[in-house]
Protein chains: 2
Amino acid sequence: MSIKEEIMKTLKQEILTLTLKPGAILSETVLSERFQISRTPLRDVLKQLSLEAYIDVYPKKGNLVSYIDLESVEQIIFLRSALEKEIIKYLSEHLALKGVHELKDILDRQKAVILEDAATEPFLNLDDAFHAALFRLAGREYLWNLIQQSNVHYVRYRRLHMLRKEKLEEIWDEHQRILEYMTRRETGKLEALIHHHLREDINSLYLQENFADYIRG
Amino acid sequence: MSIKEEIMKTLKQEILTLTLKPGAILSETVLSERFQISRTPLRDVLKQLSLEAYIDVYPKKGNLVSYIDLESVEQIIFLRSALEKEIIKYLSEHLALKGVHELKDILDRQKAVILEDAATEPFLNLDDAFHAALFRLAGREYLWNLIQQSNVHYVRYRRLHMLRKEKLEEIWDEHQRILEYMTRRETGKLEALIHHHLREDINSLYLQENFADYIRG
DNA sequence: CAAGTCAAACTTGTATACAAGATAAGGCTG
DNA sequence: CAGCCTTATCTTGTATACAAGTTTGACTTG
């Protein structure tokens, strides 16, 4: 992996995990000292981060880690909802036994994480793994990767919501039911379930009340 | 509009209209002479074109206009199909009279273009305008703009397919019927219609037979 | 003291010289 | 003559000096 890719990966992770908080300044000179590299390749990285909405660039002023944009979150949820409905409709008819086992395995590991009372980090990774597997098993890995490029706001939004532990069980249960309905080909109940699974928290005021500093005014 | 944005717009249009053919070389030095600007800002433009799949970058070798990737086209069609089904479901219940008139107006102008036997250029613009209007009227302009960023392959694919004049009438008729069903709230027929409207040509071999040079091997 | 102004110290934007890898042609050697 | 190796000349990648806009704060002036 090239140096630029490493820097990109590092910065993306720090932003997504909120180690770099919304509003934090990413100065080219500071970053060039931190990573011991000149401004030119750093600007390549910042340009990409800007295009993927990780940072906001104010010309001749500075680069700020973007604030979470709830409008963007709602739109992405609509997008994922529309896609996953189609994907699950497809999988209900085409999912092979091997795929079922794969999904079951992810759910088992996720359950273990919940019981061990571990950090939210591995839970989130397995949550992603579950949805990614759905896309991949339906031959839609391309679209999964595409969505990842527009995911900054949604990923941070979800991370903050999942700080509440009661959410985790709830999410796991829904995953479990999605898999059940899929294997039983009960397509009727699936659409509503997906809709609820993705959409549930968007209308709550949890973020506005607890993390107002991170939200785009 | 800044100089970089103008260059970007110019290059994007030349690629989308196939003035710059797939495989054409975009050398930094040649472009810097053409636009009378140094390589640094040009590299910013090329970086964005690369991220949006307009060009393929081969490090230390060169930048080529990307070949049309039919896999990408199929995936984007699936994406659009899933989105537009949801959008039209929504519009069937919420579309105001003003919106209906707007869509009708676009269709009228498109019909005029067909009758005047004009170039495919204005037809394509109105085709885009129709679909963009659907997104906008449903409050999904954000997603329309998002899709545009991943559209290089699809746009060029569609342009080549529409060189056949018989296609134009067919497309227009489908638009007309989509609008009719929507206003009459006949949601049952709409899903299949959208599906057909977007998906019809993907399995034909028209491109492979007539424009093999433009296709990614 | 208050307010306005000017200058210095920041920020990113641009141009350019140089580094380093890739390619292709020419010449050498068997 | 064939094959290989060397070298010249492409390409993009990086570092750096300079340009230009923005902000901040101190100083002057009323």
Side-chain angles (χ1 to χ4, degrees), chain A residues 1-12 14-15 19-67 69 149 152 213-214 216-217, chain B residues 1-12 14-15 19-67 69 149 152 213-214 216-217:
Chain A
M1 186 183 285
S2 78
I3 297 174
K4 283 199 281 187
E5 281 170 338
E6 296 232 30
I7 294 173
M8 174 92 75
K9 190 179 156 192
T10 302
L11 289 178
K12 276 188 173 180
E14 290 183 1
I15 292 173
T19 307
L20 279 172
K21 300 196 183 345
I25 296 173
L26 288 188
S27 154
E28 293 180 2
T29 56
V30 171
L31 290 175
S32 73
E33 286 168 11
R34 171 178 170 190
F35 293 108
Q36 289 293 305
I37 199 171
S38 82
R39 280 177 56 215
T40 308
L42 257 177
R43 280 176 64 79
D44 283 359
V45 174
L46 291 174
K47 174 92 204 228
Q48 182 165 346
L49 290 179
S50 158
L51 286 174
E52 296 185 17
Y54 283 76
I55 63 175
D56 292 324
V57 174
Y58 298 92
K60 309 264 173 117
K61 285 193 245 182
N63 312 307
L64 301 188
V65 175
S66 67
Y67 290 91
D69 177 21
Q149 290 171 17
V152 221
D213 292 353
Y214 294 172
R216 168 159 298 160
Chain B
M1 187 184 284
S2 78
I3 297 174
K4 282 199 281 189
E5 282 171 338
E6 296 233 29
I7 294 172
M8 173 92 75
K9 190 178 155 193
T10 302
L11 289 178
K12 276 189 173 178
E14 290 183 1
I15 291 173
T19 307
L20 279 171
K21 299 195 183 348
I25 296 173
L26 289 189
S27 155
E28 293 181 2
T29 55
V30 171
L31 289 175
S32 72
E33 287 168 11
R34 170 176 169 191
F35 293 109
Q36 288 295 303
I37 199 171
S38 84
R39 280 177 56 216
T40 307
L42 256 177
R43 280 176 65 80
D44 283 358
V45 173
L46 291 174
K47 172 91 204 222
Q48 181 165 348
L49 289 179
S50 159
L51 285 174
E52 297 185 15
Y54 282 77
I55 63 175
D56 292 325
V57 174
Y58 299 92
K60 310 261 174 118
K61 284 193 248 182
N63 312 306
L64 301 188
V65 174
S66 67
Y67 290 90
D69 176 22
Q149 290 171 18
V152 221
D213 292 351
Y214 294 171
R216 169 158 298 160

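Keep in mind that the numbers below use all heavy atoms, side chains included, and drop hydrogens, waters and symmetry copies. Order of the sequence lines sets the chain letters (A, B, ...), proteins ahead of strands, with each chain counted from 1.
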Measuring from [X]:[atom1] to [Y]:[atom2], what's the distance to the nearest 0.5 Å?
X       : Y       : atom1 : atom2 : value
B:Ser50 : A:Leu51 : OG    : CG    : 10.0 Å
B:Asp44 : B:Glu5  : CG    : CD    : 11.5 Å
B:Ile37 : B:Ile7  : CD1   : CD1   : 4.5 Å
A:Lys4  : A:Gln48 : NZ    : CD    : 9.5 Å

Query - Interatomic distance where CD1 belongs to A:Ile55 and C1' belongs to C:dT11 [whole Å] - result: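 Value for this atom pair: 14 Å.
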Requested in this report: Tell me, please, which residues at least two apart from A:Glu6 pass side chain to side chain contact (heavy atoms under 4.5 Å, CB included).
Outcome: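 Result, side chain to side chain contact (heavy atoms under 4.5 Å, CB included) vs A:Glu6: A:Met1.
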Can you give me the N/O atom pairs linking the protein to nucleotides 7-14 of chain D at distances under 3.5 Å, or say none if there are none?
from, atom 1, to, atom 2, distance (Å)
D:dT12, OP1, B:Glu28, N, 3.4
D:dT12, OP1, B:Asn63, ND2, 3.2
D:dT12, OP2, B:Glu28, N, 3.4
D:dG13, OP2, B:Arg43, NH1, 2.4
D:dG13, OP2, B:Arg43, NH2, 2.8
D:dG13, N7, B:Arg39, NH2, 3.0
D:dG13, O6, B:Arg39, NH1, 3.0
D:dT14, OP2, A:Lys4, NZ, 3.3

